[in-house]
*Asks:* 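Have a look at this one before I ask anything.
Note on naming: letters A, B, ... go to the chains in the order of the sequence lines (proteins, then strands), and numbering restarts at 1 for each one.
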Protein chains: 2
Amino acid sequence: MTTVRVPQEERSRAMRARLMDATIECLVERGFGGTSTTLISERAGVSRGAQLHHFPTKNALVVAAVEHLTEVRGAELAAAAAAVPDGPHRTRDVLRMLGEHFASPVFTAALELWVAARTDSALLAAVAPLEQRIGRETHRMTVELLGADETQPGVRQLVQATLDLVRGLGLAATISDDTRRRNGILEQWADTLDEALS
Amino acid sequence: MTTVRVPQEERSRAMRARLMDATIECLVERGFGGTSTTLISERAGVSRGAQLHHFPTKNALVVAAVEHLTEVRGAELAAAAAAVPDGPHRTRDVLRMLGEHFASPVFTAALELWVAARTDSALLAAVAPLEQRIGRETHRMTVELLGADETQPGVRQLVQATLDLVRGLGLAATISDDTRRRNGILEQWADTLDEALS
DNA sequence: AAACAAACAGTCAAGCCTGTCTGTTTGTGA
DNA sequence: TCACAAACAGACAGGCTTGACTGTTTGTTT
């Protein structure tokens, strides 16, 4: 009888990944308040003992999940950015891509963490720097995608406004998803933006 | 000895108001997750018995608080709107006013309720129609404040974009309040908007 | 003034959540 | 092969939350 030998390190990594994924899923489905460690371990198919072994406290798990989520967000955004087609409707397509990203489950999870962090200093300490980093990266990426010239006065503010706009649209989408309304707004903004940037 | 006679109806109203106010305060200070009925009654200076008498369940109290908050939001917004000065910087001042409103505690409380409502159908049923109403009112008010002509194509979308923008800015403000950044963005937006609307 | 209803007070039990603890299995280094 | 450490499993206690329940006070009505 051959016993399958799985190295400890890999087992450990897989277990941690499953727990973090389950955490994000719970965040999306139940919200931060409804995300209990018991629920996470059940969903991950991991015993509570194993869970507590890898993440001694709930906060440790959530913080790890935040970092995990940040990477997922970055990767998804980069992938979506690469898929935006070139052409006459470049700006519109870029905005639509951003709008979709900020209405996706990863954004929803981030929103839950964001709101929870407001009244949880330990969580805030973990969330804030990561959010700042991803914010800067997103800004830089958007400038590049739009081919905007940030040396021009006001351009930087317009890009920031665009990102805050999609954030606001994403917030609205978590309650009542209205894709048509969103696209109409973004289309108009694309025209206005094109004019302002040229 | 003269006994002070307070009518039941007024006592009841005052008690309910105190409980609803305390609920909103807890929402802002502790977040939805940290808002327990015990905490609310303590903060309101009301016994748990009295609380349960006026609001049989936590949901009943929260829903009442939502309605209460909606009225407060409407009133605050109307008051702020009336205070916007006329003049050459009208658009900028209107946006600044909106930006401030969407960064105020009432917005923070509303945000907590939105996010909580996403994963709480009972709460969603109470929040959704009220939010829709206040959204429509805010839109109408903004159109009037800006003197925009909604019969022109794209104008409606630009106003919606403006409101979604301030919502996004408000969300950002709950974590890291950066008034300067916000005003810079809004100022640029005002210029762009003025040009697009004329 | 008496009877009734509303308002108010505080205790209690059931349930959930978190983190500690003890015990078992599995991989690793000597 | 043996000893050790990491990984895993599940029971348990302490704390908190919610809503039910009983009892008391206060206002209203007749």
Side-chain angles (χ1 to χ4, degrees), chain A residues 1-23 25-27 29-65 112 116 119-123, chain B residues 1-23 25-27 29-65 112 116 119-123:
Chain A
M1 176 165 164
T2 55
T3 316
V4 181
R5 295 248 160 181
V6 182
Q8 280 188 342
E9 195 184 322
E10 194 184 315
R11 273 198 306 166
S12 186
R13 192 149 20 100
M15 189 70 91
R16 290 172 65 92
R18 257 160 68 198
L19 282 166
M20 290 187 290
D21 283 336
T23 305
E25 284 169 27
C26 282
L27 238 39
E29 285 178 20
R30 309 279 191 114
F32 188 84
T35 297
S36 70
T37 55
T38 314
L39 199 69
I40 294 172
S41 59
E42 276 174 11
R43 175 177 269 276
V46 168
S47 74
R48 264 189 70 63
Q51 180 189 43
L52 271 298
H53 172 72
H54 291 287
F55 301 100
T57 72
K58 181 184 180 179
N59 241 322
L61 173 54
V62 172
V63 167
E112 289 283 345
T119 50
D120 181 335
S121 53
L123 196 54
Chain B
M1 175 167 165
T2 55
T3 317
V4 180
R5 294 249 159 179
V6 182
Q8 280 188 341
E9 196 183 321
E10 195 184 313
R11 272 198 306 166
S12 186
R13 195 151 16 104
M15 190 69 93
R16 291 172 64 93
R18 256 160 67 198
L19 282 165
M20 290 187 291
D21 283 337
T23 304
E25 285 169 27
C26 282
L27 238 39
E29 286 178 19
R30 309 280 190 112
F32 188 84
T35 298
S36 71
T37 55
T38 314
L39 199 69
I40 294 172
S41 59
E42 274 174 13
R43 175 177 270 275
V46 169
S47 74
R48 267 190 69 63
Q51 179 189 43
L52 271 296
H53 173 72
H54 291 288
F55 301 101
T57 71
K58 181 182 181 181
N59 240 320
L61 173 54
V62 173
V63 167
E112 290 282 345
T119 50
D120 182 334
S121 55
L123 195 55

*Asks:* C:dT20 C1' sits how many Å from A:His54 NE2, rounded?
*Replies:* 18 Å

*Asks:* Between C:dC17 atom P and A:Leu61 atom CG, what is the distance in whole Å?
*Replies:* 15 Å

*Asks:* Please say which of B:Met15, B:Met20, B:Arg18 ends up in a side chain to side chain contact (heavy atoms under 4.5 Å, CB included) with B:His54.
*Replies:* B:Met15

*Asks:* Judged by each residue's nearest nucleotide on DNA chain C, which is more toward the 5′ side, A:Gly34 or B:Gly45?
*Replies:* B:Gly45

*Asks:* When all nucleic acid strands are considered with a 4.0 Å heavy-atom cut-off, which category describes A:Thr38: base, sugar-phosphate, or nothing?
*Replies:* base

*Asks:* Ignoring backbone atoms, test whether B:Ser36 places a side-chain nitrogen or oxygen under 4.0 Å from the OP1 or OP2 oxygen of D:dT17.
*Replies:* yes

*Asks:* May I ask you to verify if any side-chain N or O of A:Ser47 is less than 4.0 angstrom from the OP1 or OP2 atom of D:dG10?
*Replies:* no

*Asks:* So, OP1 or OP2 of C:dC17: does either fall under 4.0 Å of a side-chain N or O from A:Thr37?
*Replies:* no

*Asks:* Quick one: does any side-chain atom of B:Gln51 pair with a main-chain N or O of B:Thr37 as donor and acceptor, under 3.5 Å?
*Replies:* yes

*Asks:* Does B:His53 place a side-chain N or O at less than 4.0 Å from the phosphate oxygens OP1/OP2 of C:dC8?
*Replies:* no

*Asks:* What is the distance from CE of B:Met15 to P of C:dA7, rounded to the nearest Å?
*Replies:* 10 Å

*Asks:* Which pair of heavy atoms, one from B:Leu19 and one from B:Ser41, lies closest together, and at what distance?
*Replies:* CD2-CA, 4.5 Å

*Asks:* Would you kindly give the CD1-to-P distance between A:Ile40 and C:dG19, to the nearest whole Å?
*Replies:* 11 Å

*Asks:* Round to a whole Å and report the spacing from CD of B:Glu10 to C1' of C:dC8.
*Replies:* 17 Å

*Asks:* Should the pair A:Glu29-A:Arg43 be classified as a salt bridge under the 4.0 Å nitrogen-to-oxygen rule?
*Replies:* yes

*Asks:* Once you round it to whole Å, what is the distance between C1' of C:dA5 and CZ of B:Arg11?
*Replies:* 12 Å

*Asks:* Classify the side chain of B:Arg48 and the base of D:dG19 as holding, or not holding, a donor-acceptor pair under 3.5 Å.
*Replies:* yes

*Asks:* Quick one: does any side-chain atom of B:Glu112 pair with a main-chain N or O of B:Gly31 as donor and acceptor, under 3.5 Å?
*Replies:* no

*Asks:* Atom CG of B:Leu19 and atom C1' of C:dC8: how far apart are they, to the nearest Å?
*Replies:* 12 Å

*Asks:* Just how far, in rounded Å, is P of D:dC8 from CG of A:Leu52?
*Replies:* 13 Å

